[in-house]
Peer 1: 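Next up is a structure, given as structure tokens.
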Number of protein chains: 2
Amino acid sequence: MADIARRPEHRYGNRPTMKDVAARAGVGLKTVSRVVNGEPGVTPDTERRVQEAIESLGFRRNDSARVLRKGRTASVGLVLEDLADPFYGPLSRAVEEVARAHGALLINGSSAEDPEREQELALALCARRVDGLIVIPAGGDHRYLEPEMRAGVATVFVDRPAGRIEADTVLSDSFGGARAGVAHLIAHGHRRIGFIGDSPRIHTATERLRGYRAAMEDAGLDVAEGWVSLGPTDPERVAAAVEAMLSGPEPVTALFAGNNRVTVTAVRVLAGRERPVALVGFDDIELADLLGITVIAQDAAALGRTAAQRLFRRLDGVAGAPETTVLATRLIARGSGEIAPPA
Amino acid sequence: MADIARRPEHRYGNRPTMKDVAARAGVGLKTVSRVVNGEPGVTPDTERRVQEAIESLGFRRNDSARVLRKGRTASVGLVLEDLADPFYGPLSRAVEEVARAHGALLINGSSAEDPEREQELALALCARRVDGLIVIPAGGDHRYLEPEMRAGVATVFVDRPAGRIEADTVLSDSFGGARAGVAHLIAHGHRRIGFIGDSPRIHTATERLRGYRAAMEDAGLDVAEGWVSLGPTDPERVAAAVEAMLSGPEPVTALFAGNNRVTVTAVRVLAGRERPVALVGFDDIELADLLGITVIAQDAAALGRTAAQRLFRRLDGVAGAPETTVLATRLIARGSGEIAPPA
DNA sequence: ATGAAAGCGCTAACAA
DNA sequence: TTGTTAGCGCTTTCAT
């Protein structure tokens with residue numbers, strides 16, 4: 001049986017095809033196709049024979065071939081930063097639900113905040129001919145997607161705007177949210193307020209910083225050197241930044257945390273101090289209510305849902321210039337943001 | 001130009017194919033294929049001409065067609081319960097990382113704890129000829145996957161075992177973890193301990209209940225009626241269950257929470273009470289350290305990583321009987337589990 | 001080094 | 001009602 005050993009790798013584990021089913025049922029290929037796809041024009045008797053052949057052979061239609069022929073994959077791609085981040089889980093789930101309502105599957109990938117990996121992922125998804133692409137940008141230049149978009153890949157950017165390219169976009173109001181959060185601290189009597197945010201490469205980080213500065217300026221307050229710290233959001237860096245702002249001759253009496261990771265670390269550091277420090281964080285966190293953390297909440301699911309709806313509207317043929325939607329944020333006062341400065 | 005209007009829907013937005021590139025570059029189709037795939041046997045000059053044609057046309061290889069021909073999709077499917085659940089985010093991310101290391105993309109779908117939806121999703125993924133499938137079971141009968149597995153779809157079950165079918169499986173030690181958690185409460189003096197868990201349809205829920213009963217029995221303690229409550233984990237149901245166990249003539253002095261959602265609700269309810277009640281929860285939660293919640297932690301990422309590694313080992317041709325791996329859990333004492341019962 | 005032809009498994013278009 | 005033919009865009013095989 002030498003030929004068995006020499007047989008080429010069984011494709012798909014050597015699964016039966018419509019041709020096999022047709023042979024087994026003693027009908028034509030197209031008849032099988034009709035039965036499999038529930039198309040009319042098959043007598044009940046023929047249909048039964050085909051069904052039997054399908055079951056005895058364990059046939060399942062190969063959607064790869066179908067896709068090739070039909071030209072639509074019924075799948076959309078989502079490139080996000082990190083699926084393990086509690087902010088992106090609900091976002092992804094919301095996209096999935098909309099996709100499902102449109103009969104599409106979701107393929108997602110994490111860029112790990114690496115622009116090259118973002119590009120690699122997005123292009124791999126395009127090569128698989130996803131019908132549409134939702135991208136949470138890691139990089140600042142998305143011209144690499146221009147040929148794809150021109151070729152008909154519907155694309156929507158979420159959470160952060162696209163770089164150097166015009167495209168549909170859905171954002172949260174980072175500027176307005178941060179401004180409101182800082183104004184809230186000011187309203188509670190604070191004058192020396194620190195801002196700790198993500199790397200300035202990230203659009204939301206700079207927008208939130210802009211909101212902070214606007215609120216300070218609105219109140220006629222100066223921002224001293226050392227009150228602003230942007231950078232990676234690993235616990236070590238953030239903890240050091242918090243400590244620095246709380247030490248020295250003119251320590252801040254309140255902190256604005258630029259995102260969920262920063263907030264968590266800030267809460268941990270502040271928990272170990274005797275003198276209370278006010279805190280408002282961007283993004284809501286699980287159990288924040290129990291810890292009394294005041295936050296600027298954005299609705300991750302709404303972000304995903306809105307983006308996916310925009311995507312499918314485009315796929316349904318709605319043309320027109322790219323649109324940007326900005327979703328409002330919401331201040332939730334829970335205690336930490338209402339602590340008064342020391343007298 | 002009537003024919004333009006009558007042209008069929010442009011496939012893939014009418015993208016250029018290798019044939020187009022070949023015509024443009026004045027070479028044969030196969031030469032383009034060689035350049036695109038970096039195969040040898042092309043002179044630098046020819047290669048340059050092909051590259052130019054590729055760029056000017058905005059060509060990108062259609063992986064759908066490639067897949068059809070090659071028989072491998074370089075993608076794996078993951079069917080989980082809900083991507084928005086903080087437990088599954090890290091699990092999914094871990095699977096993705098392993099897949100990426102093997103050059104594969106991850107397609108994931110949420111079953112929403114609905115067995116029919118699980119099946120629908122899993123079979124849709126099979127129809128797309130994913131190379132492998134990782135399933136977190138929602139249903140209790142996976143015989144529907146038998147033909148697929150026989151046909152060569154590598155399949156691994158995670159977090160909960162497969163129903164009525166033999167398959168590779170990766171689990172956390174729910175029984176042992178719960179037993180250790182309840183023993184911990186007993187060691188701190190509790191005799192009346194309540195258990196609130198997920199629906200008995202879910203394997204981990206019954207396993208954890210079994211662990212609870214074992215620990216009680218080990219200590220020679222009876223389990224009174226009303227101390228055990230299994231069911232949906234929505235906040236209303238859980239809150240009612242907690243209240244019920246804390247009222248009446250013989251209220252429990254400690255609670256074991258069967259999963260992260262139950263723990264969160266339990267903490268909220270207990271926070272509103274004056275008399276302290278001890279609590280140990282299954283699954284770690286963000287900020288649990290700050291709230292002093294004692295938990296039995298399982299490593300979601302390790303679960304995903306282990307399952308994915310098993311999957312790719314199978315895809316690499318490692319045969320053999322299905323194996324079940326059980327990962328250990330870890331008790332993290334933070335205070336809530338060390339509260340003594342009222343004297 | 002290069003290309004022509006066959007075919008992956010399916011659907012669209014058109015017979016019969 | 002049913003079947004036949006011709007591709008979808010690519011890779012494989014085998015010539016040249």
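A note on names: the letters A, B, ... follow the listed sequences, proteins ahead of strands, and every chain is numbered from 1.
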Peer 1: Testing the 3.5 Å rule here: is there a donor-acceptor pair between the side chains of A:H142 and A:E118?
Peer 2: yes
Peer 1: Expressed in angstrom and rounded to an integer, what is the separation of B:L68 atom CG from C:dC8 atom C1'?
Peer 2: 4 Å
Peer 1: With distance as the sole test, does B:R201 use its side chain to make a donor-acceptor pair with the main-chain N or O of B:G139 at under 3.5 Å?
Peer 2: no
Peer 1: Does OP1 or OP2 of C:dT2 have a side-chain N or O of B:T46 closer than 4.0 Å?
Peer 2: yes
Peer 1: With a 4.0 Å cutoff (strictly under), does any side-chain N or O of A:S33 reach OP1 or OP2 of C:dT11?
Peer 2: yes
Peer 1: Calculate the interatomic distance between B:M18 atom CE and C:dA4 atom P; express it in whole Å.
Peer 2: 16 Å
Peer 1: Taking CG from B:L29 and C1' from C:dG7, how many angstroms apart are they, rounded to a whole number?
Peer 2: 13 Å
Peer 1: If I take atom CG in residue B:D20 and atom C1' in nucleotide D:dG7, what distance separates them, rounded to the nearest angstrom?
Peer 2: 15 Å
Peer 1: Mind checking B:N37 for me? I need base, sugar-phosphate or nothing, with any heavy atom below 4.0 Å counting as a touch.
Peer 2: sugar-phosphate
Peer 1: Is there a side-chain contact between B:K70 and the phosphate of D:dT12, meaning an N or O under 4.0 Å from OP1 or OP2?
Peer 2: yes
Peer 1: Look at the side chain of A:T17 and decide which nucleotide, out of D:dT4, D:dT11, C:dC10, has an atom nearest to it.
Peer 2: C:dC10
Peer 1: Look at the side-chain N and O atoms of A:N62 and state whether any lies under 4.0 Å from the OP1 or OP2 oxygen of C:dC8.
Peer 2: no
Peer 1: Using heavy-atom distances to pick each residue's nearest nucleotide on DNA chain C, tell me which of A:K30 and B:V32 is more 5'.
Peer 2: B:V32
Peer 1: Without decimals, in angstroms, what is the distance between A:E39 CD and C:dC10 P?
Peer 2: 14 Å
Peer 1: Nearest 0.5 Å, please: how far is SG in A:C126 from CZ in B:R61?
Peer 2: 13.5 Å
Peer 1: Roughly, in whole Å, what's the span from CG in A:L57 to C1' in C:dG9?
Peer 2: 15 Å
Peer 1: Quick one: the side chain of A:R69 and the base of C:dG9, do they pair up donor-acceptor inside 3.5 Å?
Peer 2: no
Peer 1: What is the distance, to the nearest angstrom, from the CZ atom on B:R129 to the P atom on D:dC10?
Peer 2: 21 Å
Peer 1: Does B:R34 get its side chain close enough to the base of C:dG3, under 3.5 Å, for a donor-acceptor pair?
Peer 2: yes
Peer 1: Can you tell me how far P of D:dC8 sits from CG of B:D63, to the nearest Å?
Peer 2: 18 Å
Peer 1: Kindly indicate, with the supporting measurements, whether the criterion side-chain hydrogen bond (donor to acceptor under 3.5 Å, both in side chains) is fulfilled by A:T73 and A:R128.
Peer 2: CA-CA 8 Å; A:T73 56; A:R128 297 200 176 208; over 6 Å; no
Peer 1: Please check the phosphate of D:dG3 (OP1 and OP2 only) for any side-chain N or O of A:T31 closer than 4.0 Å.
Peer 2: yes
Peer 1: Any side-chain donor-acceptor pair under 3.5 Å between B:S111 and B:E81?
Peer 2: no
Peer 1: Heavy-atom count check: over 12 atoms from other residues, nucleotides or ligands less than 6.0 Å from B:E166 CD?
Peer 2: no
Peer 1: To the nearest 10 degrees, what angle separates the axes at the start and end of the helix from C:dA1-D:dT16 to C:dA16-D:dT1, five pairs each?
Peer 2: 40°
Peer 1: Minimum heavy-atom separation for B:A25 to B:A53, with atom names?
Peer 2: CB-CB, 3.9 Å
Peer 1: Under 3.5 Å, is there a donor-acceptor pair between the A:N108 and A:S92 side chains?
Peer 2: yes
